[in-house]
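Heads up: the structure comes next, in structure tokens.
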Amino acid sequence: MIRIFNTLTGQKEDFSPLAPPSVGIYVCGPTVYDMSHIGHARAYVAFDVVVRHLRHRGFRVRYVRNYTDLDDKIIQRAAELGRPPAEVSERFIREYQIDMATLGVARADVEPKVTGHVPEIVALIGELVANGHAYAAAGDVYYSVRSFPGYGKLSGRRLADMKAGARVEPGEQKRDPMDFALWKGAKPGEPAWPSPWGPGRPGWHIECSAMSAKYLGTTFDIHAGGKDLVFPHHENEIAQSEGATGQPLAKVWMHNGFVTLDSEKMSKSLGNFFTIREITAKFSPEALRLFLLGTHYRSPINFSDQGLAEAEKRLDYFYETLAKADALAAGTAPVASPEAAALLSAVGAALDDDFNTPEALAALAGPFARLNELSEKPGKGPTRAASAAAAAALAAALREAGAVLGIVQRPPVDYLAQRRAHLAARRGVDPAKVDALVGARTEARKGKDFARADAIRDELLALGVEIMDGPRGTTWKIVG
RNA sequence: GGCGCCAUCGCCAAGUGGUAAGGCAAAGGUCUGCAAAACCUUCAUCCCCCGGUUCGAAUCCGGGUGGCGCCUCCA
């Protein structure tokens, strides 16, 4: 049984889909006006694991993740760049897709855009106006929060408590300061669509209500996003959707915690953010993913180079171990193995418990050590064959567990070769020169000239190259 | 001001009533010509502080202290 923490109830609950084995999930996607940062990476990696695990458990998941490709920020950015808004949003959608692919985040089944759903949005606003939840005022349309008794149920606020924070911009015709725009009348030079209230464009929250209804129905299983969306975005979505249908919008609401820098929220407005592109230029993208999975999705995660470096080191260990195991197990069929079964069981149980990725990662430690033990000391004859079979089984199980987490899916040899090339380039190390020095050292060792062999090793170490003497010769890698 | 979250080994981080997972770092050992890598062992009688509930609490309740978030765009 999968248990999920539901923001709506503030508790972990047994997950029971409306129509098993189908599961509908809607994740609020990015507003595409700039490059994505680590906070975006955190959110979409977290829900990627949610979807992967649900599918691994046999659910048929329909995953919808939108693009907000029309809003004030995009229009502003377009004005700054002197380009049409559509060009700006299209560009950053492409950049986002590149980042997500780099991080191993799977595409959603449906990735709708606001600009493609204006008629649906207009229709929904029309319903809300007709049933008294919304009112038109001077070309705008506002949602009347007083008309919706449940307003505040997701974020745990009462309207009376929110008064202080409400603001009314000049020119707005709100009846209540807490009311929010469903439709914004067009201003000169802005993109606009026709509507019964005059030309204009959708407000920020309405698109998710319209698109989730179109692709997942009136009520669906999971609605997710960052903690900063709880209020007002998701609260307003509930007001819109439930105001129109009278039915619950989503059964379960999931929210991921922030990425912080020096314990402060990483955000555009504070300016204390790193883009995904900046980090993946320095560290392996998979290491970033592993770093993010090292903390439970609901907790804040403090970003640091040290944390990334540790994740990268750990990932190298994973791939080096798998490379050794593959070498041992080449041509061997895996056998049923209690160790492999125990691993998958432990990882499954961890993820069943509100997607506890740190616990799942912890469960990998023992099996990886065991795999190294098998690879280092396989024995001989029948013992070696048994070791190879056990290694094959364990490596297969680790890869299966890794598939749910979205790690260690690449051929280890490829990964390690790419790592070495990347690090060599960064340190300005010439692989041919290293090979020559390693060859010279091997000759010296054959001649028992250990003084010279050690001198060469020191020389290599000064270059940042660490060598390892093994039964099949000497290998090397770049350190630091 | 309103609402809410967090505080666990040097660092990161699981753990919501039954006696502290895992990783990094560190120390010792095995292996090695010596190393590195790998493997093994050690490493919090204690979970911010003070009270309370309980046979029993890091885990529940009350009060402090410290950090953070939302209430305005934000994953």
Side-chain angles (χ1 to χ4, degrees), chain A residues 7 10-12 27-31 33-34 36-47 68 71-73 76 152 155-158 160-167 169 178 204 224-233 235 255-260 263-270 273 290-291 294-302 304 306-307 309-311 313-314 316-317 320-321 324 346 350 353 356-366 368-377 445 448-451 453-454 457-458 460-461 465-470 474-477 479:
Chain A
T7 305
Q11 293 181 323
K12 261 191 226 178
V27 173
C28 285
T31 300
Y33 70 99
D34 205 347
S36 297
H37 59 71
I38 306 301
H40 299 105
R42 211 264 167 108
Y44 301 117
V45 165
F47 298 120
T68 297
D71 92 333
D72 295 349
K73 285 253 161 96
Q76 185 187 327
S155 53
R157 298 150 200 259
R158 292 165 302 164
D161 297 333
M162 294 190 272
K163 276 287 185 98
R167 276 199 267 181
E169 298 296 325
M178 290 307 300
W204 173 35
K227 264 191 165 67
D228 44 2
L229 298 184
V230 174
F231 189 91
H233 185 59
E235 197 70 71
H255 294 96
N256 66 275
F258 298 131
V259 177
T260 61
S263 296
E264 289 202 322
K265 181 186 173 187
M266 191 180 278
S267 72
K268 294 275 188 185
S269 39
L270 290 172
F273 62 91
L290 184 60
F291 169 76
T295 301
H296 185 91
Y297 76 90
R298 283 193 282 117
S299 300
I301 182 169
N302 200 40
S304 72
Q306 186 191 330
E310 280 183 21
K313 182 171 183 165
R314 190 68 179 155
D316 286 348
Y317 167 84
E320 282 165 9
T321 304
K324 284 188 275 186
D353 183 14
N356 192 331
T357 53
E359 196 174 310
L361 251 17
L364 305 183
F368 269 113
R370 173 74 176 138
L371 212 46
N372 270 307
E373 186 191 1
L374 289 166
S375 303
E376 299 282 337
K377 296 180 177 174
R445 292 181 72 218
K448 302 284 184 197
D449 184 356
F450 294 121
D454 290 351
R457 179 170 60 203
D458 289 343
L460 285 164
L461 208 50
V465 175
E466 192 169 84
I467 57 175
M468 290 149 287
D469 296 328
T474 298
T475 58
W476 58 272
K477 69 175 181 183
V479 293

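Keep in mind it's a predicted model, so treat the numbers as computed, not measured. Residue numbering restarts at 1 for every chain, and letters A, B, ... go by the order of the sequence lines.
Contacts of A:Y44 classified as ring-ring contact (aromatic ring centres under 6.0 Å, His included), with partners at least two apart in sequence or in another chain: A:Y96.
In this structure, A:T295 reaches the sugar-phosphate backbone alone: every heavy-atom distance under 4.0 Å involves primed, P, OP1 or OP2 atoms, never a base. Across all strands shown, A:F231 has heavy atoms under 4.0 Å from sugar-phosphate atoms exclusively, and none from any base. Among the protein residues, A:K377 comes within range of no part of the nucleic acid, since none of its heavy atoms lies under 4.0 Å from any strand. Using a 4.0 Å heavy-atom cutoff across all strands shown, A:D228 reaches at least one base atom of the nucleic acid. Contact annotation for A:H296: backbone-only contact, meaning every heavy-atom pair under 4.0 Å involves sugar-phosphate atoms and none involves a base. A:G257 comes within 4.0 angstrom of a base, heavy atoms only. Residue A:V259 is classed as a base contact, given a heavy-atom separation below 4.0 Å to a base.
Ranked by how close their nearest RNA chain B nucleotide is to the 5' end, A:S263 and A:Y44 are led by A:S263. Closest-nucleotide positions on RNA chain B for A:D71 and A:G307 were compared, and the one nearer the 5' end corresponds to A:G307.
When the P atom of B:A35 is taken as reference, atom CD1 of A:I467 falls 13 Å away, rounded to whole Å. Atom CG in A:L460 sits about 15 Å away from atom C1' in B:C34, given to the nearest Å. Rounded to whole angstrom, the span from the CZ atom of A:R298 across to the P atom of B:C68 amounts to 22 Å. For the pair A:D458 CG and B:A35 C1', the computed distance is 10 Å after rounding to whole Å.
Interatomic distance, NZ of A:K227 versus NZ of A:K265, reported as 11.5 Å (0.5 Å rounding). Note that OG of A:S304 is 7.5 Å distant from CD of A:E310, once rounded to the nearest 0.5 Å. The distance from atom NE2 of A:H37 to atom NE2 of A:H40, rounded to the nearest 0.5 Å, is 4.0 Å. Residue A:D34 holds its CG atom at 3.5 Å from NZ of A:K268, rounded to the nearest 0.5 Å.
B:U45 and B:A38 have their C1' atoms separated by 33 Å, given to the nearest Å. Here the separation of B:C11 from B:G69, taken at their C1' atoms, is 24 Å to the nearest Å. With both ends at atom C1', the span from B:C43 to B:G29 equals 15 Å, rounded to whole Å. B:A14 sits 36 Å from B:G1 when the C1' atoms are compared, rounded to a whole Å. Comparing the P positions of B:U42 and B:C50 gives a spacing of 31 Å, expressed to the nearest Å. For the C1' atoms, the distance linking B:C9 with B:C48 amounts to 15 Å, nearest Å. Going from the P atom of B:A58 to that of B:A7 covers 15 Å, rounded to whole Å. Atom name C1', nucleotides B:A25 and B:G10: the rounded distance is 8 Å, in whole Å.
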Q.
Applying salt bridge (Lys or Arg N to Asp or Glu O under 4.0 Å) to A:K313 and A:D316, what does each step give before you reach the verdict?
A. CA-CA 5 Å; A:K313 182 171 183 165; A:D316 286 348; over 6 Å; no

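A donor-acceptor contact under 3.5 Å links the side chain of A:D469 to the base of B:C34. For A:R42 against B:A75, a side-chain-to-base donor-acceptor contact under 3.5 Å is absent. Remark: the A:R158 side chain and the B:G2 base include no donor-acceptor N/O pair separated by less than 3.5 Å.
Panel note: side chain A:E235, backbone A:G152; a donor-acceptor pair is recorded below 3.5 Å.
For the pair A:N356 and B:G15, the criterion of a side-chain N or O lying under 4.0 Å from OP1 or OP2 is met. Using a 4.0 Å cut-off, no side-chain N or O of A:N256 falls inside it from OP1 or OP2 of B:A75. Phosphate proximity of B:A75 to A:K265: absent, as no side-chain N or O sits under 4.0 Å from OP1 or OP2.
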Q: Summarise protein proximity over nucleotides 21-26 of chain B in one line of letters, 5' to 3': B for base, S for sugar-phosphate only, - for none, counting protein heavy atoms closer than 4.0 Å.
A: BSBSS-

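Side chains of A:T357 and A:Y297 form no contact here, defined as non-hydrogen atoms less than 4.5 Å apart. Side-chain contact between A:L361 and A:L290: present, with at least one pair of heavy atoms (C-beta onward) separated by less than 4.5 Å.
Side-chain proximity of A:R157 to B:A75, B:A36, B:G2: nearest is B:G2. For A:R445, whose side chain is taken as the heavy atoms from C-beta onward, the closest listed nucleotide among B:C34, B:A38, B:C71 is B:C34.
In this entry B:C68 has B:G4 as its Watson-Crick or G-U wobble partner, both defining distances falling under 3.5 Å.
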